[in-house]
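Below is one structure, written out as structure tokens, with a few remarks after it.
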Amino acid sequence: MEKSAAISRSCYDHHHFWFAILFSFLLCSLLLCFDFATFHGPNHGVTFLVNKQVNPSKAKNVTTDTDSCIGRYVYIHELPSRFNNYLIQNCHSLTRGTDKPNMCPYMQNLGLGPELTNSGGVFTNTSWYATNQFLLEVIFHNRMRKYGCLTNDSSLASAIFVPFYAGLDVSRFLWLSNLTVRDSSGRDLLQWLANRPEWKKMWGRDHFLVSGRIAWDFRRQRDDESYWGSKFRFLPESMNMSMLAVEASSWNNDYAIPYPTSFHPSKDTQIFRWNRKIRHQNRPFLFTFTGAPRPELEGSIRGKIIDQCRASSVCKFVDCSYERCDDPINVMKVFESSVFCLQPPGDSYTRRSIFDSMLAGCIPVFFHPGTAYSQYKWHLPKNRTKYSVYIPVRDVKQWNVNVEKVLLGIPEGEVFAMREEVIKLIPNIIYADPRSKLDYFEDAFDLAVKGMLERIEKVRDAMRKGSDPSIGFADEDHYKYTFSDNYN
């Protein structure tokens, strides 16, 4: 009997022990769930909302304290296909900047172009593509589709993106004498936009678009068939919009963003690896020039630069009249072997070569303020001496500067510091792969969107204060590309 009582008492104590453990476990679980819901619930909801691109209007209880997208929401217009998708589907009729049409090979990989392999050690990974500069509007559109703060509710948007492939469209008609045809797509687009409810919110001043061509191609100043380009940017509705282009005009509603290079990383580590490579690159040439003469352009400095380079034992000249300068491997190999890269104006103020050379860790040498300093203000430092050399050419006929002597006169410590600054700027001037997302770096796309949002917010703030938003919005800056003491 005593043995039976002892066993019963033992079982009773054992049951109480496990019951206490079970009760404690349930109590802790309940408290943890309460804690998580209290402190993490709202933030988790915003993250889900942004990443999944759910319509933010459904999250009525999200406050400005927890919604990181307030002030950054962008609405993308769904345009009729003739303004974008049709051009991609008919890429065989598009010019790539030569007399040979057919842009289809460059449409691969969401506009990045064919992947480059077997670089012979010139590149470090598989994030390199044969990218055509005119495809920037396609690349930008694909990046915008993955933007973290998209909204389907235009009333919440701080900016309206218009995915009109303006450069690809006008490339079909630039050489036609019929001005009506040249201007037709732009007119039709603006009519479509003006009839949308989003337009009336700020009459288009919160709308922006992107071009892979220079902004001058859309600013024909006379209705004369001998004048170049379309007059899209001079049409009244277009004057209310902002354009991001690889080269801005002298009007205030045009903004310059970098030309696309061939490097489109999908991970931050690929940028770190590339920077490490070019930081320790052997550079046997003091300076290099990659380009072609421009004898037909009065006032071009290229002829004198080419003569000096050919006469120097420390300069590498690549004549694009004969050599394949559209081959990224050939071009990057030259830039990686040079300390300085000369960047004189060409057919226009700017060149894609600026960004290809900086990507290779080559310090740019500029001869005109319109080539970079008055252009890429969101992407390059205001202090130009940190990353570049400036040798102004006001008058080609009187210009007698010896480029080699100028560059040899720069102290070694300054050269090292400039190269480090150039390497630090690389994330700013590249467009990451649209199929992925960088975690640590902001790229050219990120800085362009940020700059555009700030620009629109200033206009919106002026409207709140009762000011006329049209004042200065689309005015011409006659001094934008003139030589100034600020660049000396």
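FYI, the numbering just counts along the sequence from 1.
Among residue pairs with one or both ends in residues 342-410, those qualifying as disulfide (SG to SG under 2.5 Å) are Cys341-Cys362; sequence neighbours excluded. For residues 421-451, there are no disulfide (SG to SG under 2.5 Å) pairs, not counting sequence neighbours.
The side-chain contact (heavy atoms from CB on, under 4.5 Å) check on Asp224 picks up Arg222, Ser226, Tyr227, with sequence neighbours excluded. Scanning for ring-ring contact (aromatic ring centres under 6.0 Å, His included) contacts around Tyr387 gives an empty result, with sequence neighbours left out. Residues that satisfy the side-chain contact (heavy atoms from CB on, under 4.5 Å) test with Ser81, not counting sequence neighbours, are Asn85. Partners of Tyr481 by ring-ring contact (aromatic ring centres under 6.0 Å, His included), not counting sequence neighbours, listed by chain and number: Tyr349. Ser250 pairs by the side-chain hydrogen bond (donor to acceptor under 3.5 Å, both in side chains) definition with Glu476, not counting sequence neighbours. Residues satisfying the side-chain hydrogen bond (donor to acceptor under 3.5 Å, both in side chains) test with Gln308, not counting sequence neighbours, are none. Taking Val314 as the reference, Leu286, Phe287, Ser312, Glu404 meet the side-chain contact (heavy atoms from CB on, under 4.5 Å) condition, with sequence neighbours excluded. Remark: Phe140 engages Phe161, Phe445 in a ring-ring contact (aromatic ring centres under 6.0 Å, His included) (not counting sequence neighbours). Among residues two or more places apart in sequence or in another chain, the side-chain hydrogen bond (donor to acceptor under 3.5 Å, both in side chains) test is passed with Arg455 by Tyr255. For Arg219, the side-chain hydrogen bond (donor to acceptor under 3.5 Å, both in side chains) partners at least two apart in sequence or on another chain are Ser249, Asn253, Asp254.
For Glu336 and Lys277, the salt-bridge test passes: some basic side-chain N is under 4.0 Å from an acidic carboxylate O.
Using the six-membered ring where Trp is involved, Tyr165 and His141 have ring planes that are perpendicular, over 60° apart on the 30 and 60° scheme. Aromatic ring orientation, Tyr129 versus His264: tilted (interplanar angle from 30° to 60°).
Heavy-atom contacts from other residues, nucleotides or ligands closer than 6.0 Å to NZ of Lys267 number 12 or fewer. At most 12 non-hydrogen atoms from other residues, nucleotides or ligands lie less than 6.0 angstrom from NZ of Lys333.
For the pair Asp356/Thr290, no side-chain contact is recorded, criterion being any heavy-atom separation below 4.5 Å from C-beta on. Under the 4.5 Å side-chain criterion, counting only non-hydrogen atoms from C-beta, Asp169 is in contact with Leu87. Using a 4.5 Å heavy-atom threshold, the side chains of Ile430 and Leu359 count as touching.
With 3.5 Å as the limit, one finds no donor-acceptor pair spanning the side chains of Thr124 and Gln270. A donor-acceptor contact closer than 3.5 angstrom links the side chains of Glu247 and Ser348. Side-chain contact annotation: Gln343 with Ser357, donor-acceptor N/O pair under 3.5 Å present. With 3.5 Å as the limit, one finds a donor-acceptor pair spanning the side chains of Tyr373 and Ser388. Under 3.5 Å, the side chains of Ser238 and Arg233 contain a donor-acceptor pair of N or O atoms.
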TODO: Would you check, one step at a time, whether the test side chain to side chain donor-acceptor pair (under 3.5 Å) holds for Arg435 with Asn109?
DONE: CA-CA 9 Å; Arg435 296 162 294 191; Asn109 298 302; 3.0 Å; yes

Task: side chain to side chain contact (heavy atoms under 4.5 Å, CB included) between Leu79 and Val162, intermediate numbers included - done: CA-CA 8 Å; Leu79 301 181; Val162 182; 4.0 Å; yes

Open item on the list: Does Thr350 form a side chain to side chain donor-acceptor pair (under 3.5 Å) with Tyr259? I'd like the steps, not just the answer.
Closed with: CA-CA 9 Å; Thr350 64; Tyr259 287 76; 2.7 Å; yes

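A distance of 6.0 Å or more separates the ring centres of Phe218 and Trp251.
A donor-acceptor contact shorter than 3.5 Å is absent between the side chain of Glu237 and the backbone of Leu193.
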